[in-house]
Amino acid sequence: MSDFTRYMTTAIHAGNTHDAHGSPFTPLYDTTTFCFEDTKALLDVVEGRKQGALYTRYGMNPTVTSLEQRLAQLDQAEAALAFASGMAAISSLCLAFGQKGIVCLGEIYGGTIELLSLYCKQLNINTTFLKADDKAGLENSLQQGASLVLFETPANPTLAVIDIKQVAELAHQYDALVAVDNTFATPINQQPLSLGADFCMQSATKYLGGHSDLTAGVLSGSRHNMTIINGWRKSLGQTISAEIAHKLKRSLMTLPLRVERHNQNALIIAQFLEQHPAVETVYYPGLVSHAGHAIANQQMQGYGGMLSFDVRGGDKAARQCVDSLKLIALAPSLGGAESLATQPVTTSHHGMSEDILRDAGISGAMIRLSVGLETATDLINDFEQAFIAIR
Ligand SMILES: *Cc1c(COP(=O)(O)O)cnc(C)c1O
């Protein structure tokens, strides 16, 4: 579908600085503070006349800066900021730019819903949750002065796709800013900023980290907006640690390779599931049968490694299926080398009312799959034996 190799040089080289000892990459500075020749040199950095290392919580640490330059180039952004988690990135964004009101479109990550409906509310920030296609509702919120429109595409767990360009054009007519949670797609499959979004957000805990062994977040956008966000990040103390920054930067070197294989594996599994008699529906943007397929073709370079499917036989059959999988582990989260499966009703959507679930298109029969990097036939064989176990 696309030339994934075009990101590989950036993923490996961007952000690296000259090292006095000849390290091919910027080394890990697990340092909290940095020393100066004299007060003048110190003030040059403190007062912004010179770029330099100063204090790690400010993000002014060579390892963190090096990571952020690589992330910015991957997102084709003027600037990027790395955070201690995806939620740290989202909360800084919402506090910095959502004060006049935040509108969410479509399915939103559970942590984001909690932040907005519980905590932003306590700060008197107006938050509205709309269906993805509720254009009138969106215009109404924008007319009332909402300052930030936030959505995910593809969204969890139905992989619903939202037209980024269309939402950005409408929001910009009202001077609102648009943020896309690009966690599922990654910059390899989708470039929200080039489609008109003002902010690209990702939980780096997922595909960017890629090995289920680090927690981090990223926000990218214009230099002006990132400077404002950086003030919040610094004051809230949400900066990524140097150790995790270093680990994440290493993971980025293989991101294009991994995402290309996630894409390939997911399409193979989606096609296998779609023709299997034990499966009722498959939700994957790469399938012609998926409602978001046409928009995905317009705005994505690849369809990603996430898919969901409904098993025939309802909640009981779905539970039997995930409990019978041997290679594929039962766990929330996503984006690692290993395949993971869950029923959304037991994890991301646990305890939600029947009405909310029906509106979101989620039932007990649904299984969400983060397709890993294993040999595709091994994953298929695992499903074959699990489907036999249901019967
Ligand atoms: C995991 C996730 C988040 C939150 O990221 P953390 O790193 O867990 O804080 C936000 N959005 C999406 C779509 C996610 O999958």
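Since the model is a prediction, treat every value here as computed from it, not as a measurement. Remember, it's 1-based here, ligands and their atoms both numbered in the order they're listed.
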Strictly by modelled atom types, are His246 and Asp30 linked by a side-chain donor-acceptor pair under 3.5 Å?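 No, Asp30 and His246 have no side-chain donor paired with an acceptor closer than 3.5 Å.
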Can you classify the ring geometry of Phe387 versus Phe383 as parallel (below 30°), tilted (30 to 60°) or perpendicular (above 60°)?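 Rings of Phe387 and Phe383: parallel, under 30°.
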Which N or O atoms of ligand 1 sit under 3.5 Å from a protein N or O, and how far apart is each pair?
from     : atom 1 : to     : atom 2 : distance (Å)
ligand 1 : 5 (O)  : Ser203 : OG     : 3.0
ligand 1 : 7 (O)  : Gly86  : N      : 2.9
ligand 1 : 7 (O)  : Ser203 : OG     : 2.9
ligand 1 : 7 (O)  : Thr205 : OG1    : 2.6
ligand 1 : 9 (O)  : Gly86  : N      : 3.1
ligand 1 : 9 (O)  : Met87  : N      : 2.8
ligand 1 : 11 (N) : Asp181 : OD2    : 2.7
ligand 1 : 15 (O) : Lys206 : NZ     : 2.7

Applying ring-ring contact (aromatic ring centres under 6.0 Å, His included), can you list everything that pairs with Phe199, at least two apart in sequence or on another chain?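 Checked Phe199 against ring-ring contact (aromatic ring centres under 6.0 Å, His included); matches are Phe97.
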Please set out all donor-acceptor pairs under 3.5 angstrom arising from side-chain atoms of residues 318-337, sequence neighbours excluded.
from   : atom 1 : to     : atom 2 : distance (Å)
Ser324 : OG     : Gln320 : O      : 2.5
Lys326 : NZ     : Gln385 : OE1    : 3.3

Just jot down the side chain to side chain donor-acceptor pair (under 3.5 Å) partners of Glu139, sequence neighbours excluded, or say none.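 Testing Glu139 for side chain to side chain donor-acceptor pair (under 3.5 Å), a comparison that skips the adjacent residues, returns Tyr174.
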Would Glu384 and His276 count as a side chain to side chain donor-acceptor pair (under 3.5 Å) if you check the C-alpha gap in whole Å, the side-chain angles of each, and the deciding distance to 0.1 Å? CA-CA 9 Å; Glu384 288 285 16; His276 200 285; 3.2 Å; yes
